[in-house]
Amino acid sequence: MPLSTSTSSSSKPKLLTHLSILRDSSDRFARLAAFKVPSAESTSTGIPRWDTITFRQFSDDVQLCARYWARELNIRGNIPRKSVVGLWIGGYTYSDVLHIYGISKAGYVPQLFSLRLPDPTVIFELLQKAGARALVGDQGTLSSIGDQGMMNSPVPIFTAISFSDIEVSSQSLLQDVNDSYLVSEEEPVDPSDCAFVFHTSGSTSGSPKLVPCNYRWLDAVARKASQLCVPLNKNGQDVSTWIGSMCHIGQTTMLICLMQYGTCIAQPRRFPYPADELAAMVEHCNVNRIWQFSAFFSALLRAARSNPDFLRVLVGLDEVTTCGMALSKEDQDFAYKSGINLQEIFGSTELGGSTLVSLGGKDPNTRRHLRPLSGLAYEFRPVNTSAHAEDDDSGHQSTNRLLEFVVLAASGDCPDVSLRNPEDGDFHTGDLFIEVGSGEYIFAGRDDDWIKTESSLRCDTKSIEDNARAMCGSLISECIVVGTGRPSPVLFVESTAGVDETKLKKDIWRKIRQFHRRRYIHESITSADMIIVVPLGSLPRTASKGNIRRKAVEEEYKTQLDKLFGVTDC
């Protein structure tokens, strides 16, 4: 049963928040496992073990962590409640969840950063843009900032100490920090107040955009759970796995949605987890359902092709939900043919992770089709097809009518006004679809120059290409960036015959290195090895305009790209 959303004092549903959901879940599912976390004993014995954190314990731990941050930020730091506080932490551990929820429970607005931002200067700029009053970092983050970075920080920096250290001081925290310092879930929530600040997974001009999320948005995202997260385990509790960092929208919204149904989340010992780790979590944690970025699930499918025992593990799951980007048709066909219960969802950071879900079922002609979630205000608007009438991969001109997915301002999950189209007030995703049945769609790419990398984070290829042309115009004739589903992008350059490729790659890297220093790791050319030199005019192009075809380059050079990233067929 999902959480009740009505109140006795009003017929209007009460806004769901991450904190109110946790409180209600701790009452309704008190003794059920909320998390399975790797046990320290499993390391010493060699036998995998996971410890259980119940919903009641989770709630109690958040309360204690909130008292710690109320003392550090409010009492000692004199930072007013409702201030934005940056958290630059890994986001992959139970302790990280406690810090995020604890800071929120203490009355602050978490601004979440990922370790994929390697330069503290970018962090400092984003803190200032959000009006943040403090930064919390873990040991790994603080060591990367260094003493000089600490001095340059525009806000005071606090350490996210281990939760075990917080527990040691529990008695003094209970004495020094009373309940008045903590947010009460009974307090009315203003729908327009900010709950979280995330960031786009790709950056513009070296800096990602802020994605402020208010409580109206959070409520709409939480209510999507009834269409995505209803338990499937007929014999007991659903157990899932982490999808990614709590500093990204996917894991944060997944936790909010799954808590409503008392689902347990198992923490992998390695991330992304390989086949043997998933098999261990199925055996020892009773995992029956996984949510996984498509690129990571493709790696699991590669293992399953040569390992019948692991294939049986995947087939035995109640459901596998992939997201971030579409699975390749080859992977889809193998999964369906093998009997894997596959579901695909489509979404974005700005919209809370999920907007459309695949039909599924047995019919191979329709099971991949996507339908929009109900109860929201979405539209599919025709785009100027003449602008998209390039040759498709088969060499034929496309005649399908392309539709852009648009989220209306009236939709609860429509993002902050700063991200909407200034002309009509709606959010234009730039995602293109083709309607293949009444209310059924297939994804047809993006109306821009972005690609999604391995972790489903976006990379602005055009800016990399423009910089390469500007800095290396005398060295290269043309270039294109590829890397869909890869850990990082690769720059292909065309040059005249007879050049020393090794020297050319080093010269190009020397000229573009400064540009990439400020970028996300997943959207950076990380070394000269990520530059591939090909003969002049050899890259595949469209017939009409002569534009280099990104997807065709990826397919033609797949073997070389696989070798570059160490991908081997299992």
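- Residues T93 and S95 bring no donor and acceptor atom of their side chains to less than 3.5 Å of each other.
- Y108 has its side chain out of reach of R133: every pair of non-hydrogen atoms, C-beta onward, lies at least 4.5 Å apart.
- Across R367 and K362, no two heavy atoms sit closer than the pair NH1-O, 3.5 Å.
- A donor-acceptor distance shorter than 3.5 angstrom exists from the side chain of T429 to the backbone of D431, with no hydrogens or angles considered.
- A distance-only check finds no donor-acceptor pair linking the side chain of R371 to the backbone of E440 [under 3.5 Å].
- Side-chain atoms of Q332 never come within 3.5 Å of backbone atoms of Y336 as a donor-acceptor pair (strictly under, hydrogens ignored).
- With rounding to the nearest 0.5 angstrom, the CG atom of L135 is 5.0 Å from the CD1 atom of I157.
- Here the side chains of L370 and V357 are not in contact, with every heavy-atom distance at 4.5 Å or above.
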Let's go through D51 and R49 carefully: what are the C-alpha distance in whole Å and the side-chain angles of both, what is the deciding distance for side-chain contact (heavy atoms from CB on, under 4.5 Å) to 0.1 Å, and is it a yes or a no?
CA-CA 7 Å; D51 295 329; R49 282 190 56 186; 4.2 Å; yes
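- Distance alone, capped at 3.5 Å, is enough to place a donor-acceptor pair between the T252 side chain and the M246 backbone.
- Expressed to the nearest 0.5 Å, how far CZ of R56 lies from CG of D60 amounts to 6.5 Å.
- Looking at K224, its side chain does come within 3.5 Å of a backbone N or O of S354 through a donor-acceptor pair.
- In terms of modelled atom types and a separation under 3.5 Å, the side chain of T263 and the main chain of M259 share no donor-acceptor contact.
- Listed for the W242 side chain is no donor-acceptor partner under 3.5 Å among the backbone atoms of P268.
- Ring geometry for F196 versus F198: interplanar angle of 30 to 60°, hence tilted.
- Y378 and D426 are not linked by any side-chain donor-acceptor pair at a separation below 3.5 angstrom, with hydrogens and angles left out of the test.
- Salt bridge R216/D193: absent, no basic N to carboxylate O contact under 4.0 Å.
- Looking at F334 and L301, their side chains come closer than 4.5 Å, going by heavy atoms from C-beta outward.
- With I256 as the partner, the side chain to side chain contact (heavy atoms under 4.5 Å, CB included) test is satisfied by one option alone out of L16, L218, L22, T17: L218.
- Looking at V85, L98, V136 one by one, the single match for side chain to side chain contact (heavy atoms under 4.5 Å, CB included) with W69 turns out to be V136.
- Across every non-hydrogen atom of G86 and L127, the tightest pair is CA-CD2, 3.8 Å.
- Using a cut-off of 4.0 Å between Lys/Arg side-chain N and Asp/Glu carboxylate O, R368 and E344 are scored as not salt-bridged.
- Residues L351 and D413 approach most closely at CD2-O, 3.4 Å, considering heavy atoms.
- Looking only at side-chain heavy atoms (C-beta outward), I100 and I89 come within less than 4.5 Å of each other.
- Ion pairing of D416 with K209 is absent here, as no side-chain N (NZ or NE/NH1/NH2) approaches a carboxylate O to less than 4.0 Å.
- Using cut-offs of 30° and 60° for the angle between ring planes, the F433 and F346 rings count as perpendicular.
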Residues R28, S25; criterion side-chain contact (heavy atoms from CB on, under 4.5 Å); working and verdict:
CA-CA 5 Å; R28 301 176 62 215; S25 296; 5.9 Å; no
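- Residues Q251 and S245 bring no donor and acceptor atom of their side chains to less than 3.5 Å of each other.
- With hydrogens and angles disregarded, no donor-acceptor distance shorter than 3.5 Å links the side chain of T159 to the backbone of I161.
- S298 and D331 are linked by a side-chain donor-acceptor pair at a separation below 3.5 angstrom, with hydrogens and angles left out of the test.
- Residues S226 and Q260 are not in side-chain contact: their nearest non-hydrogen atoms beyond the backbone lie 4.5 Å or more apart.
- Shown here for A106 and V183, the closest heavy-atom pair between the two residues is C-CG2, 4.4 Å.
- Aromatic ring orientation, Y101 versus F58: tilted (interplanar angle from 30° to 60°).
- Checking side-chain atoms of Q111 against main-chain N and O of L126 turns up a donor-acceptor pair under 3.5 Å.
- The closest side-chain heavy-atom distance from E454 to F293 is not below 4.5 Å.
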Evaluate H199 against L210 for side-chain contact (heavy atoms from CB on, under 4.5 Å), listing each step before the verdict.
CA-CA 5 Å; H199 304 88; L210 300 180; 3.5 Å; yes
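- Taking OG from S26 and CD from Q57, the interatomic distance works out to 12.0 Å, rounded to the nearest 0.5 Å.
- For the atom pair OG1 (T453) and CZ (R486), the distance works out to 12.0 Å, reported to the nearest 0.5 Å.
- Counting heavy-atom neighbours within 6.0 Å of R270 CZ, excluding the residue itself, gives a total above 12.
- Of the possible donor and acceptor atoms, none in the side chain of E185 sits under 3.5 Å from a partner among the backbone N and O of R23.
- Here the closest heavy-atom approach between residue A304 and residue L314 is recorded as CB-CD1, 3.9 Å.
- Between R223 and D219 there is a salt bridge, since at least one side-chain N of the basic residue sits less than 4.0 Å from a carboxylate O of the acidic one.
- Residues T322 and Q292 have side chains that never bring a donor and an acceptor to within less than 3.5 angstrom of each other.
- In the model, T241 has a side-chain atom that pairs as donor or acceptor with a side-chain atom of Y273 under 3.5 Å.
- Side-chain contact, K36 with T52: a donor N or O sits under 3.5 Å from an acceptor N or O.
- H369 and S358 share no side-chain donor-acceptor pair at under 3.5 Å.
- Side-chain contact check for F296 versus I290: every heavy-atom pair is 4.5 Å or farther apart.
- Note that CG of L376 is 10.0 Å distant from CG of L408, once rounded to the nearest 0.5 Å.
- Between F380 and Y441, the ring planes are parallel. Angles under 30° get that label, and only those over 60° would be called perpendicular.
- Within the 4.5 Å cutoff, side-chain heavy atoms of S104 are placed close to those of L19.
- Closest approach of N286 to E283, counting heavy atoms only: OD1-O, 4.3 Å.
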Please step through side-chain contact (heavy atoms from CB on, under 4.5 Å) for the pair K452 and L457, ending with a clear verdict.
CA-CA 5 Å; K452 282 192 173 183; L457 304 174; over 6 Å; no
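- Put simply, CG on N214 and SG on C194 are 7.5 Å apart, with the number rounded to the nearest 0.5 Å.
- Checking D238 against N288 by side-chain atom types alone, a donor-acceptor pair falls below 3.5 Å.
- In this structure, W88 and F113 have perpendicular ring planes: the angle between them is above 60°, well past the 30° mark.
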